[in-house]
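To start, the structure itself, in structure tokens.
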Amino acid sequence: MNIVLIVIDTLRADHLSCYGYFRETSPTLDRIAKEGVLFENYYASGIATGPGFTSIITGRYPTTHKYYLTPYNVTNVLSFDDNIPVLAEIMWVNGYTTVAIDNLINFKSRPKHFLRGYEYYINPSKSPFVPAASLMAEQANKKIIPWIKAHSYERFFMFIHYWDPHLPYNQPRAYRELYRHEKGKFGDLKILESPDGYKYVPGWGKLDEIVEESDGRTIDLYDGEIAYVDNAIAEVVETLKDEGILDDTLLIITSDHGEGLGQHGIWGHAGLHENIIKLPLILRYPKKFPKGIRVKSYVQHADIVPTILELAGIDNQDVFDGSSLRKSINSNIRDFAVSEAWGERAIIFNEWKLIIHYERELRVLKEIYPKPFTRQNYRALIPILRKTFIKGNKGYELYNIVNDPMEIHNLAEEYPSKVKELEEMIEKWIVSKVGDNDPINYLGNYVQPQPV
Ligand SMILES: [Zn+2]
């Protein structure tokens with residue numbers, strides 16, 4: 001068995017046609033999903049790029065790998081613990097040829113744990129000074145396709161990192177012009193009504209809050225990037241097929257985090273709202289997985305490593321937070337999902353979702369903004385906190401994501417007992433992982449944000 005793990009940066013689930021999006025953005029992923037398994041409730045373990053990729057390659061949540069940052073523009077701020085094993089190392093030790101087509105090393109912090117374990121680390125950027133996110137899928141494919149052809153007789157683990165849906169939107173012209181929404185007119189969009197009574201466009205937000213353009217960025221361009229990377233994946237799949245190894249390859253396609261697209265006042269990927277943490281996960285391996293199955297159990301980044309090891313028959317003694325996705329097909333592997341960012345955690349439990357903003361995050365905001373930090377003025381400070389209900393030294397957002405899928409109405413003040421119940425669940429979860437040593441209490445300040 002070979003393994004090809006494809007991570008598409010900044011890809012939210014609800015912009016893919018196989019996840020119900022009203023535009024046909026993803027014909028290749030739709031086809032792979034029909035030939036494999038699609039996970040409907042897949043949540044990031046960690047946000048954003050740094051924590052997300054670290055969770056994907058360690059099988060852990062940030063609470064246990066403690067890499068809470070995405071230090072793309074700062075040097076030497078954070079060292080990852082060398083004692084925590086990463087996926088490529090385990091595969092290499094167990095006889096796999098390991099290859100990454102990735103450029104995370106272009107981050108100014110040079111995060112070396114993304115290099116560990118690779119016999120071949122191929123950086124398609126061609127320069128360490130190029131911003132990682134500007135990489136185009138065709139540059140990556142120029143490295144991926146010849147490598148597969150040259151090594152198809154080996155047993156390999158391949159990690160592919162595409163950046164296209166991330167800013168800048170620099171796709172070829174055909175994909176820039178693929179979707180055209182006319183500003184102010186909503187006839188081309190799918191409009192639904194939420195159970196609690198507002199109109200919204202799935203993937204775009206509440207109708208009267210949609211941001212149609214921000215500094216030249218549009219949802220049309222974001223969707224065009226998705227279609228572009230989808231086509232690049234078709235070329236990779238075609239190559240595997242031509243080499244006669246497609247059905248003997250475990251193909252996993254996922255993302256590190258989503259994208260705000262103007263919802264909650266954010267164009268970027270901060271915070272823990274659904275547009276940022278609910279991601280695609282599609283898996284194809286006909287020898288062990290049924291065809292065309294859609295799984296509803298909560299699954300997370302941390303489940304990827306245990307799944308790969310189980311399917312590869314690797315009996316590993318390391319401890320992971322996640323479980324094999326095979327188990328999730330017939331039963332729930334967890335009762336709730338947890339997603340983390342620097343200074344925040346979210347728990348998703350049936351129709352309820354609680355986001356907790358911890359003291360450190362609130363204090364950082366207080367230090368940045370010298371005005372008194374009161375409930376009246378924090379709303380204007382930063383979009384991430386604009387709806388947060390502050391109580392004591394924490395902030396809370398409680399949503400009913402069935403009635404209010406766009407997370408418009410923060411119910412934290414109205415339902416204190418629900419907040420308490422969910423917070424207790426998250427606290428028990430933390431204790432089960434790290435006892436009383438919750439790393440979120442030891443985050444550095446905003447100048448040098450790192451666990452100490
Ligand atoms: Zn990212």
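Counting starts at 1 for both ligands and their atoms, in listed order. All figures in this text were calculated on a predicted structure; none of them were measured in a lab.
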Specify whether F159 and Y118 have parallel, tilted or perpendicular ring planes, treating 30° as the upper limit for parallel and 60° as the lower limit for perpendicular.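 The arrangement is parallel - the two ring planes meet at less than 30°.
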
Please determine if [X] and [Y] form a salt bridge, counting it only when a charged side-chain N lies under 4.0 Å from a carboxylate O.
X    : Y    : answer
R294 : E40  : yes
D303 : R334 : yes
K353 : E407 : yes

Within less than 2.8 Å of the Zn ion (ligand 1), any N, O or S from T49?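 Given the 2.8 Å cut-off, T49 counts as a ligand of the Zn ion (ligand 1).
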
The Zn ion (ligand 1) to H257: any N/O/S contact under 2.8 Å?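 Given the 2.8 Å cut-off, H257 counts as a ligand of the Zn ion (ligand 1).
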
Nearest to the Zn ion (ligand 1) - the N/O/S atom of D9, by atom name: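 In D9, the N, O or S atom with the shortest distance to the Zn ion (ligand 1) is OD1.
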
Would you mind naming the N, O or S atom of D256 nearest to the Zn ion (ligand 1)?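 Atom name of the closest N, O or S in D256: OD2.
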
